[in-house]
Amino acid sequence: MPRAGCGMLPTPRDADPAGHTTMNDKADKITPRAEDYPQWYQDVIREADLAESAKVVKGCMVIKPYGYAIWEKIQRDLDARFKATGHSNAYFPLLVPQSFMTREAQHVEGFAPELAVVTHAGGEKLEEPYVIRPTSETIIGHFFGKWISSHRDLPMLVNQWANVMRWELRTRLFLRTTEFLWQEGHTAHATHDEAMHEVLKMLGVYGDFAEEMMAMPVIRGIKTASERFAGAVETFCIESFMQDGKALQAGTSHDLGQNFGKAFDVKFQAESGELEYVWQTSWGVSTRLVGGLIMSHSDDAGLVLPPRMAPIHAVIIPIFKNDEERSRVMEAANRLAKALGDIDISEPRARYRDFLEVRIDDRDMRPGAKFYHWERRGVPMRIEIGPKDLEKGQVCLKMRVDGAAGTGKQFLSEAEFLATVRTRLDTYQADLYAQALRRRDERSVTLDTWDQFLDVFKGEGSTFAWCHWDGTAATEAAIKAETKATIRCVPLAGQGPAPEPGRCIKSGAPSAQRVLIAKAY
RNA sequence: CGGGGCGUAGCGCAGUUUGGUAGCGCGUUCGGUUCGGGACCGAAAGGUCGGAGGUUCAAAUCCUCUCGCCCCGACCA
């Protein structure tokens, strides 16, 4: 069966009259993005061996080792950033007394439909059911109440890495699963100003992380009331642009005001001697980030990873025809791998060391099959070493995605290669960011008429649309009802087009600035 | 919860209309030959056909009841 091919790569075997191929007719194929984007997304995850649906547990996923390694990269870097901003990790129970969930009115209302409840344990019906945490504001509020009594106890800055469960009706690997992994930061402060400062600081941490480490450009903004976290006074977010034009909320940071302080009676004695409720914040990112990473950079040949998120940076493919060549080539491969593995590729500002991860693929397979194997997994660099290279003292280098500078295989001396590896990875990282940013900006539009709007969002259509909005929930709901597009955020200063007055795209009422509208995951 | 679809080997499927005791491709295992873009030959392992009940000499196939999953709509990091 002749295959459609893998994007820009030549597939000579397509011409094989016998139709021989090692490809499974359906299972190994990556559907092109243009043909079926959601199917492409699933194919990339399967072929890169990142995760699979748990099947036996509705809506849940198994994160496989290679996918989990990416999550570990995310965790390690964010954790260091949280520590650097003064936060400490802690851990709170998975189960939350049901009565806790009902203390804050908006919070119950928002989460009630998606709670899983434990009613029986130890063979008996529980006196009070537990809910499996959909988030931990309530139980942490309870403990903050016990821990905080004086302004000297503030600020309280904790974070927890945990799993949570939300009974979603429709799930997608990484983007929305019933159970997911995340971190949730929870802080308490003496003043609203201080809490607001925290909220924005952590939004900044998320934005920097997304752009510097994931090479994923984001828009920082404020959620509208209807998109706000249940129980928050204000929700801030980072929104990223996926290749199909949809938006992904990649992180949120909430100003909780005194809502949970009042619900859980978290009071402190101020310097003045007065008892006051604390001002709280919470902020989180989840395994959804992995989905965002996939959709930001990957192509029709499979996963593409920025080096700072890649569990493996380089793979060496030995090439030989017989045992004599094999031993010579393997010796050179081992030597090169050792040298590469010693290269420190740490991000300059990071508080941890990062060394280049390299693998030698010595499996008994054709080299071509190995090329495809590692390409699908998004490994940034491939190095081929064969007898010809040994003769010439060179290595053959192929980057997973060809930068603007050149395409295809490059041949360079081993010394030159080793000396430039670090730079090449940094350039590659920067190129992926630039490409993602260009893609987003080229496809962002400013719209001024409802007809234009309908044209953009008809059917499955979506892109980043900057539009005037009259600020009312009614208009927002009308836009969503008619087009499925939603207001992703009101951009913070410098995050969208410069503010200019105009008229609402839907109602025609006056508006002070444009907001970001798109369909969302 | 409504509408649609599907459960047969690890994966993808055929077989069901017209009952006759399960097959194909890929993968896997073993042996050999191969190896600069998805190799080939030979041998082998692997299935109580989602489950329960019924009809029949005989059920993957017909009947009844169940369970599960996927897709589409209403909610969401």
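A quick note: this is a predicted structure, and the numbers were derived from the prediction, not measured. In what follows, chains carry the letters A, B, and so on, assigned in the order in which the sequence lines appear, proteins first and then strands, with residues in each chain numbered from 1.
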For this session: Name the orientation class of the two ring planes belonging to A/His107 and A/Phe260 (parallel below 30°, tilted from 30 to 60°, perpendicular beyond 60°).
Result: perpendicular
Exercise. Can you tell which of B/rA77, B/rG37, B/rC35 lies closest to the side chain of A/Pro367?
Worked result: B/rC35
Exercise. Across the strands shown, which category fits A/Pro387 at heavy-atom distances under 4.0 angstrom: base, sugar-phosphate, nothing?
Worked result: base
For this session: Output yes when a side-chain donor or acceptor of A/Lys370 lies under 3.5 Å from a complementary backbone atom of A/Pro318, and no otherwise.
Result: no
Exercise. When the nearest nucleotide of RNA chain B is assigned to A/Phe411 and to A/Lys484 on a heavy-atom basis, which residue is associated with the more 5' position?
Worked result: A/Phe411
Exercise. Watson-Crick or G-U wobble partner for B/rA77, using a 3.5 Å limit on both distances?
Worked result: none
Problem set entry | Atom-pair distance (CD1 on A/Ile30; P on B/rG38), nearest Å | 17 Å
For this session: Sticking with atom P, work out how far B/rU56 lies from B/rA43, rounded to a whole angstrom.
Result: 45 Å
Problem set entry | Complementary nucleotide of B/rC6, counting Watson-Crick and G-U pairs under 3.5 Å | B/rG68
Seminar exercise, completed: B/rA43 -> Watson-Crick or G-U wobble partner, both distances under 3.5 Å, gives B/rU29
Exercise. Taking CD1 from A/Ile385 and P from B/rC35, how many angstroms apart are they, rounded to a whole number?
Worked result: 19 Å
Exercise. Roughly how far apart, to the nearest Å, are B/rC72 and B/rA58 at atom P?
Worked result: 45 Å
For this session: Find the partner of B/rU61: check Watson-Crick (N1-N3 plus N6-O4 or O6-N4) and G-U wobble (N1-O2, O6-N3) distances, both under 3.5 Å, and reply none if neither fits.
Result: none
Seminar exercise, completed: Quick note, A/Leu169 side chain, CB onward, closest among B/rC75, B/rC35, B/rG36 is B/rC75
Problem set entry | N or O in side chain of A/Arg170 less than 4.0 angstrom from B/rG73 OP1/OP2 | yes
Exercise. Using a cut-off of 4.0 Å on non-hydrogen atoms, how would the nucleic acid contact of A/Asp389 be classed: base, sugar-phosphate, or nothing?
Worked result: base
Exercise. When rounded to the nearest Å, what value does the distance between C1' atoms of B/rA60 and B/rG36 take?
Worked result: 49 Å
Problem set entry | B/rA77 versus B/rA39 - spacing of their P atoms, nearest Å | 45 Å
Problem set entry | Pair of N/O donor and acceptor under 3.5 Å linking B/rG37 base with A/Arg382 side chain | yes
Problem set entry | Residue pair A/Lys506, A/Glu476: steps toward the salt bridge (charged side-chain N to carboxylate O under 4.0 Å, His left out) verdict | CA-CA 9 Å; A/Lys506 181 73 174 129; A/Glu476 183 182 15; over 6 Å; no
Exercise. Just wondering, do A/Phe371 and B/rG37 stack (centres under 5.5 Å, planes under 30°)?
Worked result: no
For this session: Using the P atom as the reference point in each nucleotide, state the distance between B/rC11 and B/rC41 in Å, no decimals.
Result: 26 Å
Exercise. Are A/Trp71 and A/Phe180 close enough that their ring centers fall under 6.0 Å?
Worked result: no
Exercise. Considering heavy-atom distances to RNA chain B, does A/Phe229 or A/Arg172 have its closest nucleotide positioned more toward the 5' end?
Worked result: A/Arg172
Exercise. Is there a stack between A/Phe180 and B/rA77, judged by ring centres under 5.5 Å and planes under 30°?
Worked result: yes
Exercise. What is the distance, rounded to the nearest whole Å, between atom NZ of A/Lys388 and atom C1' of B/rG37?
Worked result: 13 Å
Problem set entry | Nearest-Å distance for atom pair CZ/P, residues A/Arg326 and B/rC35 | 14 Å
Exercise. How would you label the contact of A/Glu384 with the nucleic acid (heavy atoms, under 4.0 Å): base, sugar-phosphate, or nothing?
Worked result: base
Problem set entry | Nearest-angstrom distance from the residue atom CE of A/Met365 to C1' of B/rU28 | 14 Å
Exercise. Using the C1' atom in both, what is the distance from B/rC40 to B/rC35, to the nearest Å?
Worked result: 12 Å
Exercise. Side chain of A/Gln243, backbone of A/Ser298: donor and acceptor closer than 3.5 Å?
Worked result: yes
Seminar exercise, completed: Ranking B/rG37, B/rG36, B/rA77 by distance to the side chain of A/Lys398, first place goes to B/rG37
Exercise. Touch check for A/Thr177, heavy atoms < 4.0 angstrom, all strands: base, sugar-phosphate only, or nothing?
Worked result: base
Exercise. Can you tell which of B/rU34, B/rG38, B/rC75 lies closest to the side chain of A/Glu168?
Worked result: B/rC75
Seminar exercise, completed: A/Lys64 atom NZ is separated from B/rG10 atom P, nearest whole Å, by 15 Å
Problem set entry | Between P of B/rC75 and CG of A/Leu175, the distance in whole Å | 19 Å
Seminar exercise, completed: With A/Glu198 as partner, the option from A/Leu203, A/Asp255, A/Thr187 fulfilling side chain to side chain contact (heavy atoms under 4.5 Å, CB included) is A/Thr187
Exercise. Are A/Phe264 and A/Phe100 an aromatic pair by the rule of ring centers under 6.0 Å?
Worked result: yes
For this session: Take A/Asp79 and A/Lys83, measure what salt bridge (charged side-chain N to carboxylate O under 4.0 Å, His left out) needs, and give me the verdict at the end.
Result: CA-CA 6 Å; A/Asp79 198 64; A/Lys83 303 276 171 60; 2.6 Å; yes
Exercise. Rounded to whole angstrom units, what separation is found between the CE atom of A/Met165 and the P atom of B/rA77?
Worked result: 17 Å
Exercise. Reckon A/Gly386 touches a base, only the sugar-phosphate, or nothing at all at heavy-atom distances under 4.0 Å?
Worked result: base
For this session: Would you mind classifying the nucleic acid contact of A/Ser286 as base, sugar-phosphate or nothing, using non-hydrogen atoms under 4.0 angstrom?
Result: base
For this session: Using the C1' atom on both, measure B/rC62 against B/rU55 and round to a whole Å.
Result: 8 Å
For this session: Could you measure between the two C1' atoms, the one in B/rG15 and the one in B/rA9, and give it in whole Å?
Result: 15 Å
For this session: Please give the nucleotide sitting opposite B/rG23 as a Watson-Crick or G-U wobble pair, both distances under 3.5 Å, or none.
Result: B/rC13
Exercise. Using purine N1 to pyrimidine N3 plus N6-O4 or O6-N4 for Watson-Crick, or N1-O2 and O6-N3 for G-U wobble, each under 3.5 Å, what pairs with B/rG38?
Worked result: none
